[in-house]
Undergrad: 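Take a look at the following structure, please.
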Protein chains: 4
Amino acid sequence: MTTSLKRKSTIRRKKKERITEQRKRQILDAALTVFSRKSFGAVTIPDISQEAGVAVGTIYNYFDNKHDLLLSLVRTYLITGPLVDLVARPPQWDDAEFMSSFLENRLTSGAENIGRFFFLFNEIQRNRELRDEYMADILTPLLKVLEKRVESGVASGAFHSSNPEVAARGLVGMILGFSLLRQIEGDRSPFQSTSNDEIVTEVTNLLLNGLLSRKDQSQ
Amino acid sequence: MTTSLKRKSTIRRKKKERITEQRKRQILDAALTVFSRKSFGAVTIPDISQEAGVAVGTIYNYFDNKHDLLLSLVRTYLITGPLVDLVARPPQWDDAEFMSSFLENRLTSGAENIGRFFFLFNEIQRNRELRDEYMADILTPLLKVLEKRVESGVASGAFHSSNPEVAARGLVGMILGFSLLRQIEGDRSPFQSTSNDEIVTEVTNLLLNGLLSRKDQSQ
Amino acid sequence: MTTSLKRKSTIRRKKKERITEQRKRQILDAALTVFSRKSFGAVTIPDISQEAGVAVGTIYNYFDNKHDLLLSLVRTYLITGPLVDLVARPPQWDDAEFMSSFLENRLTSGAENIGRFFFLFNEIQRNRELRDEYMADILTPLLKVLEKRVESGVASGAFHSSNPEVAARGLVGMILGFSLLRQIEGDRSPFQSTSNDEIVTEVTNLLLNGLLSRKDQSQ
Amino acid sequence: MTTSLKRKSTIRRKKKERITEQRKRQILDAALTVFSRKSFGAVTIPDISQEAGVAVGTIYNYFDNKHDLLLSLVRTYLITGPLVDLVARPPQWDDAEFMSSFLENRLTSGAENIGRFFFLFNEIQRNRELRDEYMADILTPLLKVLEKRVESGVASGAFHSSNPEVAARGLVGMILGFSLLRQIEGDRSPFQSTSNDEIVTEVTNLLLNGLLSRKDQSQ
DNA sequence: TATGAATGAGTCTTCATTCAT
DNA sequence: TATGAATGAAGACTCATTCAT
């Protein structure tokens with residue numbers, strides 16, 4: 001009976017933990033939805049609580065304060081996901097294949113979300129804690145992986161001779177900036193009737209082959 | 001005498017307008033300085049008034065309210081400047097020269113400031129009025145100019161065959177994204193000891209010639 | 001069988017009541033401990049529940065609300081105890097002995113606790129119900145006993161001729177005020193290295209013999 | 001004219017300072033009034049603002065926060081006034097005269113106010129900053145003055161041999177405690193029909209001559 | 001009976017805006 | 001025109017109390 005009781009209590013604890021995680025997620029999802037509508041500063045806790053369908057006080061049962069909620073938001077949605085996998089387990093393809101695949105992946109799955117997280121770039125710039133964490137966990141590792149690929153590609157002759165640091169930031173930067181422009185243009189983007197595949201192909205092509213045609217290229 | 005009086009009053013009015021413009025500018029400059037220190041939501045009117053060296057009430061003599069001040073900020077710093085000139089009076093160079101010169105110009109003079117103005121992009125996205133204005137006055141014309149250049153470059157054989165809409169957005173996007181990354185990396189950027197000239201050269205090179213070396217390029 | 005059942009149920013009920021009283025006491029003790037750490041306004045029900053080792057909800061099984069808990073606190077710790085005994089069964093000593101023994105008793109056992117209960121005096125002042133109860137049950141009877149002793153002492157020639165009402169309040173007041181000062185001085189009290197016996201002797205001496213030496217005393 | 005302008009500005013600044021002081025005082029007076037009705041924790045800023053006849057925000061133009069308001073309250077009403085004068089410039093009377101005059105003074109002018117400030121003793125006990133300041137500025141100097149007087153009185157033979165530290169605290173304590181009892185008894189005090197002079201005389205007599213009549217006194 | 005997550009009224013505090021000087 | 005004290009609506013956050021388990 002003691003065993004049974006113990007088991008029961010363990011089961012209950014686990015169940016409780018699961019519920020807690022679900023609630024956190026429920027609130028974070030609501031927060032993200034609201035943040036994509038209003039700017040961060042304009043979002044109020046009641047906004048979030050209403051969207052999440054819980055009381056204001058409930059939010060404070062799961063997060064210390066608004067700032068903590070923001071941090072959790074970043075940790076949950078940015079500092080996880082496919083990018084982290086890519087960095088942690090870079091595939092064994094050759095450098096050109098890797099680049100082309102990386103660009104396609106980011107332009108396809110990353111671009112759709114950039115609008116929702118755009119407000120975070122602002123916060124990241126102003127909030128030292130957030131910035132340090134984002135850089136340490138995401139940006140720097142990603143850039144390092146790309147730099148290494150560029151270096152090895154240059155060494156093997158597959159790539160132009162390039163400064164790897166600039167190239168890595170150029171690649172990531174274009175993905176970021178291109179997605180940002182799509183976000184700003186919104187409804188008025190000329191890509192409404194362009195297939196996403198074509199866009200990805202074109203951008204990848206631009207980055208891999210450049211703008212100039214072969215004959216004009218000056219090595 | 002009436003004429004003389006009128007003339008005098010005209011002179012006075014002009015002088016007054018000039019002073020008013022100076023004051024507005026003084027306040028907007030202060031606002032921009034403050035925005036670069038604190039996150040947008042954290043900036044208060046007293047902050048700005050202190051930075052500008054005027055009283056809180058004075059700001060309300062020149063701007064209707066905080067939102068109006070923000071609008072003026074965008075109009076003054078984003079929807080004016082060298083970009084407008086470039087679009088209004090595109091130089092007569094050939095397409096390749098134009099592109100290379102455009103990239104250098106933007107990466108040199110634009111990049112330093114993009115961090116300071118970045119928070120405005122957020123506002124642009126949330127504020128329909130602002131976004132429409134920004135797109136109509138700046139973004140769309142700029143993209144149009146670039147698209148035309150790409151088209152003519154492709155026609156002349158100077159450029160790879162490309163979708164001009166994608167290419168134009170790719171170019172602007174990379175400038176935007178690359179500058180944004182530099183801003184985020186800040187002190188930890190690996191470019192601390194790299195000359196700005198080299199960076200500009202490398203990015204320009206990446207965009208014009210692509211990442212892949214000649215022998216691998218598939219037209 | 002009915003009888004047996006009834007008896008059993010009576011026993012059970014008594015046991016239950018005893019357990020209930022224990023729980024109440026456990027919570028009140030915890031409340032007192034917490035109040036001695038934080039200011040009254042800063043104490044929360046979770047604070048008390050944690051100190052008592054019970055859940056928040058459990059407290060509400062024994063007390064209607066926070067105010068009720070406070071009332072019980074006063075009733076349990078102020079409106080009971082040795083003072084009540086003293087008043088209910090005054091010893092048969094002569095008046096001088098009684099006074100000296102009263103002072104020693106109060107200064108010894110009462111003084112240590114006065115700091116812990118002091119915050120209750122505030123509540124007593126604000127809460128008419130509580131004040132009436134405290135006065136009716138404790139303060140007035142105590143003062144009456146002392147007044148009677150002073151009267152009889154004056155009549156017997158043992159005491160100076162005094163207004164008994166003033167004298168009684170002077171005695172109680174000094175015990176109260178002296179203990180309060182010790183509480184406020186806390187660590188910085190000069191009595192750290194003075195034995196409690198000496199302090200009690202000195203205070204008792206001051207009250208019984210006064211400050212002036214015999215030769216200066218004006219009857 | 002420059003001189004005239006300067007003078008004008010100086011006058012204005014002084015006027016402004018005076019108005020600021022008046023406002024602070026106005027708010028502090030209101031706070032004191034409200035605190036004497038409700039316990040400290042129960043008082044809200046709107047309570048005070050309403051009593052003071054100003055807006056909530058105005059209070060924050062003069063005090064950093066509620067805690068700062070409390071500190072100012074203590075500084076303004078407790079750490080100033082006749083007690084400070086007494087301590088700073090002790091009169092040249094002989095020791096017995098001094099004591100008797102001190103007691104009369106405190107029992108007369110101090111006692112009426114003790115009720116209004118009673119809540120502060122609670123705060124003083126819980127709030128280290130407040131306690132340190134109150135002790136350093138008021139309590140310790142006062143006790144030191146009294147201790148010295150007792151010492152010199154004992155040396156001159158005017159007073160009984162006493163521990164000066166205990167005696168000083170006994171004197172102050174009785175004033176405190178006696179006033180406190182009057183406050184608690186309120187309407188039901190038996191002193192309603194007793195002249196204040198008589199009360200003061202009796203308490204002073206008790207402290208100076210003690211309770212025991214001459215013949216019983218044991219030196 | 002015990003529990004503790006959920007609730008939302010109530011608090012402190014901020015700050016855009018006004019207006020008398 | 002410039003000033004800055006006064007204003008009070010609005011937001012972050014707390015905590016006494018409830019109630020489903």
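Residue numbers begin at 1 in each chain, while the letters A, B, ... track the order of the sequences.
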Undergrad: Looking at side-chain heavy atoms only, is the closest gap between C:Tyr62 and C:Leu69 below 4.5 Å?
TA: no

Undergrad: For A:Gln26, what residues pass the side chain to side chain donor-acceptor pair (under 3.5 Å) criterion, not counting sequence neighbours?
TA: A:Arg23

Undergrad: To the nearest angstrom, how far is D:Lys24 atom NZ from F:dA6 atom P?
TA: 13 Å

Undergrad: Between C1' on E:dG4 and CD on C:Gln50, what's the gap in Å once rounded to a whole number?
TA: 13 Å

Undergrad: Assess whether a salt bridge exists between C:Arg128 and C:Asp132, defined as any Lys/Arg side-chain N lying under 4.0 Å from an Asp/Glu carboxylate O.
TA: no

Undergrad: If you find the nucleotide of DNA chain F closest to B:Gly53 and the one closest to D:Ala55, which residue's nucleotide is nearer the 5' end?
TA: B:Gly53

Undergrad: We want to know whether B:Thr44 and B:Asp47 form a side-chain donor-acceptor pair, criterion being a heavy-atom distance below 3.5 angstrom.
TA: yes

Undergrad: Are any of the side-chain heavy atoms of B:Leu130 and B:Tyr134 separated by less than 4.5 Å?
TA: no

Undergrad: Between C:Lys24 and C:Glu17 (salt bridge meaning N to carboxylate O under 4.0 Å), is one present in this structure?
TA: no

Undergrad: Starting at atom CD1 of A:Ile27, determine the distance to atom C1' of E:dA5, rounded to an integer number of angstrom.
TA: 11 Å

Undergrad: Show the distances under 3.5 angstrom between N or O atoms of the protein and N or O atoms of nucleotides 15-19 of chain F.
TA:
unit_1 : atom_1 : unit_2  : atom_2 : d
F:dA16 : OP1    : C:Lys66 : NZ     : 3.1
F:dA16 : OP2    : C:Ile45 : N      : 2.7
F:dT17 : OP2    : C:Tyr60 : OH     : 3.0
F:dT17 : OP2    : C:Lys66 : N      : 2.9

Undergrad: Which whole-number value in Å describes the distance from A:Ile59 CD1 to E:dA5 P?
TA: 16 Å

Undergrad: Would you classify C:Tyr62 as touching base, sugar-phosphate or nothing, given that sugar-phosphate means primed atoms plus P, OP1 and OP2, and contacts are heavy atoms under 4.0 Å?
TA: sugar-phosphate

Undergrad: My understanding is that a pair needs two contacts under 3.5 Å, Watson-Crick or G-U wobble. By that rule, which nucleotide pairs with F:dT21?
TA: E:dA2

Undergrad: Would you verify whether the NZ or CZ of D:Lys66 falls within 45 degrees of the ring axis of D:Tyr60 while also being under 6.0 Å from that six-membered ring's centre?
TA: no

Undergrad: Using atom CG of D:Leu69 as one end and atom P of E:dT11 as the other, report the distance to the nearest whole Å.
TA: 16 Å

Undergrad: Between E:dG4 atom C1' and A:Ile19 atom CD1, what is the distance in whole Å?
TA: 12 Å

Undergrad: Calculate the interatomic distance between A:Ile48 atom CD1 and F:dA10 atom C1'; express it in whole Å.
TA: 16 Å

Undergrad: Rounded to whole Å, please give me the gap between CZ in D:Phe63 and P in E:dC12.
TA: 15 Å

Undergrad: Does a side-chain N or O of D:Arg23 approach OP1 or OP2 of F:dA6 to a distance below 4.0 Å, or not?
TA: yes

